[in-house]
Amino acid sequence: MKTEEYIEKAEGALLHTYNRYPVVLDRGEGVYLYDTNGKKYLDFAAGIAVFALGYHYKGLDEALKNQVDKLIHTSNLFYNVPALDAAAKLKEVTGLDRVFFTNSGTEAIEGAIKLARKYAWKKDHGHDHEIIAMNHSFHGRTMGALSVTGNEHYQEPFKPMIGGIKFAEFNNLDSVKALVNEKTCAIIMETLQGEGGIYQAEESFIKGVRQICDEHDILLILDEIQCGMGRTGTMFCFQQYGVMPDIMTVAKALGCGVPIGAFVCTEKAASLEPGDHGTTYGGNPMVCAAASKVLDIFKEDDILEHVKEVGAYLYEKLEEIKESSPIVTAHRGMGLMQGLEVSCAPSEVITKAMDRGLIIISAGSNVLRFVPPLVITKEHVDEMTAILKECLA
Ligand SMILES: *Cc1c(COP(=O)(O)O)cnc(C)c1O
């Protein structure tokens, strides 16, 4: 079929919730994608920070295929080996104590909210139910996660949101302090804001928030769904700040393409008991076999060291582009999660890049976002910047 025919078929059946690029992707190899016409693209989006290991990383497909042949799904009425392996490994890399597997990022956020509310409820039966979230944050599209997402545009048609949510300014400790009272049970934020435009937390801010939480017995929820899993050069971004969350959410790259997320918490915050929460698919053997293998690969192949090296190189190259291009007005980010703020519509640059065989995406209203597979090399960075320069010229 021709591209136009595929698109017509898609738009005839799918709910139109995305303005998609007119490209039908067909297969991936390493850090390249191919469309149904056989056109090749260098992938600097990785399925939105999902394909940390690129396409068909050695051993990952095999681990998944082996599990498919054995058992795809059980139910959470029984134990399964891949889930207990994946949970133990996730405990180890986070330094936290208890894991609940979900099917997506937004569900991990839902769980984190419930955990915080139950923790507070156990203290005084729900008086302290308020949650402080950040402006320009993104935590997902289900009603609870949407309620803590600081974006009026996403919330407006779906009001009322869940109650008791207040919004502070990210990186403004006074604005957080002003909202804290005896009703506050949790503060939620991304360690490095992704969708909002690639804004990293300042060290004094995150440490200050941690201190407020300690003083008032408030739980700190760090959303590492996008910035976690090695993307910033440490397994989780919070590990660069010398603070620990009480609850952390992870998803996107955890399964490198299979739908799995998790919320992970300290023993102290582990308030949920049998009957409080559940999911049919969450933590099934197929997705956990993938996550378990991904965590092994990170360790065995020292993915973090690679991210540090290539991330620094990407930073240098994007800094050069910022200096030389009048369209680029700012450069932010860490590791392999970086952004260039532009004075034109990001989609203009993205479309030109796509024509030239490069996939990049946007964040916020004016940021080009770079979230490539973590296995990208310096040569790939050079290839990307050569195309980007043409598009910005
Ligand atoms: C993508 C994302 C989510 C939502 O994850 P889904 O899997 O799309 O539900 C939540 N928080 C952050 C920081 C994200 O980047």
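In each ligand, atom 1 is the first atom listed, and ligand 1 is the first ligand listed. Every heavy atom of this structure was used, including side-chain atoms; hydrogens, water molecules and symmetry mates were not.
Contacts with ligand 1 closer than 4.0 Å are made by backbone heavy atoms (N, CA, C, O) of His139 only, the side chain lying farther away. Residue contacts with ligand 1, taken as heavy atom pairs separated by less than 4.0 Å, do not involve Arg141 at all. Counting heavy atoms under 4.0 Å from ligand 1, residue Ile225 touches it through the side chain alone.
The protein heavy atom nearest to atom 9 (O) of ligand 1 is Thr106 N, 2.8 Å. Atom 11 (N) of ligand 1 has Asp223 OD2, 2.7 Å as its closest protein atom, hydrogens excluded (heavy atom only).
In this structure, Lys65 does not pair ionically with Glu62, as no charged nitrogen and carboxylate oxygen lie closer than 4.0 Å. Between Lys2 and Glu5 there is no salt bridge, since no side-chain nitrogen of the basic residue lies less than 4.0 Å from a carboxylate oxygen of the acidic one.
Inclusion of Glu190 in the set of residues having an N or O under 3.5 Å from an N or O of ligand 1 is not warranted. Of the N or O atoms in Lys252, one or more lie within a sub-3.5 Å distance of an N or O in ligand 1.
Aromatic ring pairs are classed by plane angle as parallel below 30°, tilted from 30° to 60° and perpendicular above 60°; the pair Trp121 and His125 is tilted.
Judged by distance alone, the side chains of Asp246 and Tyr119 never bring a donor and an acceptor atom under 3.5 Å apart.
Other residues, nucleotides and ligands contribute at most 12 non-hydrogen atoms within 6.0 Å of the NZ atom of Lys58. Around the NE2 atom of His153, the shell of radius 6.0 Å holds no more than 12 heavy atoms that belong to other residues, nucleotides or ligands. Counting heavy-atom neighbours within 6.0 Å of Arg98 CZ, excluding the residue itself, gives a total of 12 or less.
Using a 4.0 angstrom heavy-atom cutoff, Ile109 does not count as in contact with ligand 1.
The contact set between ligand 1 and Gly105, taken as ligand atoms under 4.0 Å from a residue heavy atom, comprises 5 (O), 6 (P), 7 (O), 9 (O). The atoms of ligand 1 that sit less than 4.0 Å from any heavy atom of Gln226 are 15 (O).
For atom 15 (O) of ligand 1, a protein heavy-atom neighbour is present inside the 4.0 Å cut-off.
For the side-chain hydrogen bond (donor to acceptor under 3.5 Å, both in side chains) with Asp214, the lone residue among His216, Arg210, Gln211 that qualifies is Arg210.
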